[in-house]
Amino acid sequence: MNGSRVLVLNSGSSSVKYQLLDMADGSRPASGIVERIGEGPVADHAAALKQVADELAAKGLGLDSPELAAVGHRVVHGGTRFTEPTLITDEVVEEIEKLIPLAPLHNPANVTGIKVARSLRPDLPQVAVFDTAFHSTIPEAAARYAIDVATADRWGVRRYGFHGTSHAYVSRATAELLGREPAEVNTIVLHLGNGASASAVRGGRCVETSMGLTPLEGLVMGTRSGDIDPAAIFHLSRVGGMSTDEIDTLLNKRSGLAGLCGDNDMREIGRRMGEGDRAAQLAFDIYIHRLRKYVGAYTAVLGRVDAIAFTAGVGENSAAVREAAMRGLTAFGIEVDGVRNALRSATARLISTEASRVAVAVVPTDEELEIASQTYRLVSA
Ligand SMILES: Nc1ncnc2c1ncn2[C@@H]1O[C@H](COP(=O)(O)OP(=O)(O)O)[C@@H](O)[C@H]1O
Ligand SMILES: CC(=O)OP(=O)(O)O
Ligand SMILES: [Mg+2]
């Protein structure tokens with residue numbers, strides 16, 4: 001291996017984010033995002049990746065650069081097979097493709113990213129870093145759904161969990177903020193972005209998470225429902241006459257905050273609440289109610305909670321969400337300081353009071369750094 005740079009590709013359902021990281025000096029020579037794939041001039045993910053390659057080339061940092069050591073790809077679903085960062089081969093791509101039915105919004109985009117990058121630089125090592133990997137330590141009692149065992153095993157129906165790269169990074173960074181070893185700390189991580197998930201991390205190992213077979217279960221999200229009674233699906237089908245695909249689209253794209261009030265962006269919801277908008281207020285209240293239920297549940301799962309970490313777009317930026325989620329929990333040893341909570345900063349910080357037994361923190365996630373580090377470690381080994 002020659003270079004010290006890693007290109008990280010995070011292909012989402014409608015966007016491709018990229019970052020070029022130099023592992024020798026910690027610098028990030030390039031980063032960017034191609035959005036609204038499929039809506040306008042960017043027809044599909046292949047076109048988006050071509051644009052990424054062109055943007056990098058225009059900066060003299062193209063994929064042909066000899067300084068490039070590897071490409072690291074975020075892959076959302078790794079099933080039961082992939083629990084570690086994995087060097088990509090034809091066979092690995094085939095396995096990732098087989099998992100598409102379990103992550104139809106995410107894995108196809110990840111596969112396209114891998115194929116385009118491999119076609120541009122067939123000689124370069126490419127590594128897949130899986131969202132599910134960090135959750136592979138979840139005990140069976142939490143990972144198994146209470147359904148017929150043979151059916152569940154035959155079809156791979158179990159809790160996999162997602163956003164694992166973020167939960168791993170943030171739980172470690174939280175321990176660091178507290179000046180303690182990850183092995184000593186029990187943390188509840190609240191990853192609140194467009195997709196949202198909670199995890200319970202005991203001594204650095206994940207023991208429970210809110211997303212399940214797919215990234216649909218758990219918290220209220222931007223456009224996804226999170227938890228509902230599964231019988232609602234039978235009802236919508238039998239009585240409502242909806243097809244499976246229609247219900248899939250309903251729960252993944254027309255639900256969550258967007259389904260409740262028409263907006264999926266917490267900034268817009270905050271603005272509308274300020275104007276007394278009742279639908280926005282109710283959407284916010286439902287979002288917070290669900291979040292608090294998970295905090296309570298994970299407190300019971302962990303027994304002793306040392307820290308609660310807020311991360312991702314909403315978690316890092318919305319003081320209102322953090323305040324509402326943590327309000328009135330002094331009996332749990334949780335007390336947020338209003339002034340600290342209202343401050344803004346790009347680095348990890350505490351927002352709890354001195355008296356709070358549980359440290360409450362805002363910890364910016366860095367999935368790109370985590371993917372680059374895991375990729376570089378694998379290719380330099
Ligand atoms: N200043 C802000 N205040 C409140 N919410 C914000 C702010 N900035 C971003 N957000 C929220 O963060 C979301 C995006 O989070 P992000 O983690 O970037 O999502 P993703 O990685 O899933 O695209 C937005 O949809 C919005 O709800
Ligand atoms: C897995 C998942 O939900 O990812 P995102 O939040 O990027 O949509
Ligand atoms: Mg994200």
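Whatever order the structure lists them in is the order used to number ligands and atoms, beginning at 1.
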Item to complete: List the closest protein heavy-atom neighbour of atom 2 (C) of ligand 2: residue, atom name, distance to the nearest 0.1 Å.
Response: His163 NE2, 3.3 Å

Discussion item. Looking at Arg81, I want to see if its CZ is surrounded by more than 12 non-hydrogen atoms of other residues, nucleotides or ligands under 6.0 Å.
Written reply: yes

Practice prompt. Assess whether atom CD of Glu181 is packed by more than 12 heavy atoms of other residues, nucleotides or ligands within 6.0 Å.
Written response: no

Discussion item. If we count only N and O atoms by modelled type, under 3.5 Å, do the side chains of Thr365 and Ser166 hold a donor and an acceptor together?
Written reply: yes

Worksheet item: Do Val185 and Ile188 sit in the same hydrophobic cluster, where Ile, Leu, Val, Met, Phe, Trp and Tyr count as joined when their side-chain heavy atoms come under 4.5 Å apart?
Response: no

Item to complete: For Arg202 and Asn186, test the side chains for any donor-to-acceptor distance below 3.5 angstrom and give the result as yes or no.
Response: no

Worksheet item: Yes or no on ring-ring contact (aromatic ring centres under 6.0 Å, His included) for His135 and Tyr160, after CA distance, side-chain angles and deciding distance?
Response: CA-CA 7 Å; His135 303 301; Tyr160 294 95; over 10 Å; no

Fill in: Non-hydrogen atoms of Ser255 and Leu251 that approach each other most closely
OG-CA, 3.4 Å

Item to complete: Determine, step by step, whether Phe134 and His163 satisfy the ring-ring contact (aromatic ring centres under 6.0 Å, His included) criterion, reporting the C-alpha distance in whole Å, the side-chain angles of both residues, the deciding distance to 0.1 Å, and the verdict.
Response: CA-CA 9 Å; Phe134 183 61; His163 296 136; over 10 Å; no

Discussion item. Within ligand 2, which atoms have a heavy atom of Phe162 less than 4.0 Å away?
Written reply: 1 (C)

Fill in: All side chain to side chain contact (heavy atoms under 4.5 Å, CB included) counterparts of Asn317, not counting sequence neighbours
Arg344

Worksheet entry | Atoms of ligand 2 close to Met211 [distance to a heavy atom under 4.0 angstrom, numbered from 1] | 3 (O)

Worksheet item: What protein heavy atom sits nearest atom 8 (O) of ligand 2, and how far away is it?
Response: Arg224 NH2, 2.8 Å

Worksheet item: Who's the nearest protein heavy-atom neighbour of atom 4 (O) of ligand 2, and how far?
Response: Arg74 NH2, 3.1 Å

Fill in: Leu105 contact mode with ligand 2 (heavy-atom cut-off under 4.0 Å)
neither

Worksheet entry | Whether Asn194 lies under 4.0 Å from ligand 2, heavy atom | no

Worksheet item: Are any of the heavy atoms in Met221 under 4.0 Å away from ligand 2?
Response: no

Worksheet, complete the sentence: The protein residues that pass the under-4.0 Å heavy-atom test against ligand 1 are Lys17, Gly193, Asn194, Gly195, Asn264, Asp265, Met266, Arg267, Ala312, Gly313, Val314, Asn317, Ser318

Discussion item. Within the 4.0 Å heavy-atom shell around Asp131, which atoms of ligand 2 are there?
Written reply: 1 (C)

Worksheet item: Which atoms of ligand 2 have any heavy atom of Pro215 under 4.0 Å away?
Response: 1 (C), 3 (O)

Worksheet item: Can you name the one residue among His191, His167, Glu316 that meets side-chain hydrogen bond (donor to acceptor under 3.5 Å, both in side chains) with Thr311?
Response: Glu316

Worksheet item: So do Thr151 and Arg154 actually touch side chain to side chain, heavy atoms under 4.5 Å?
Response: no

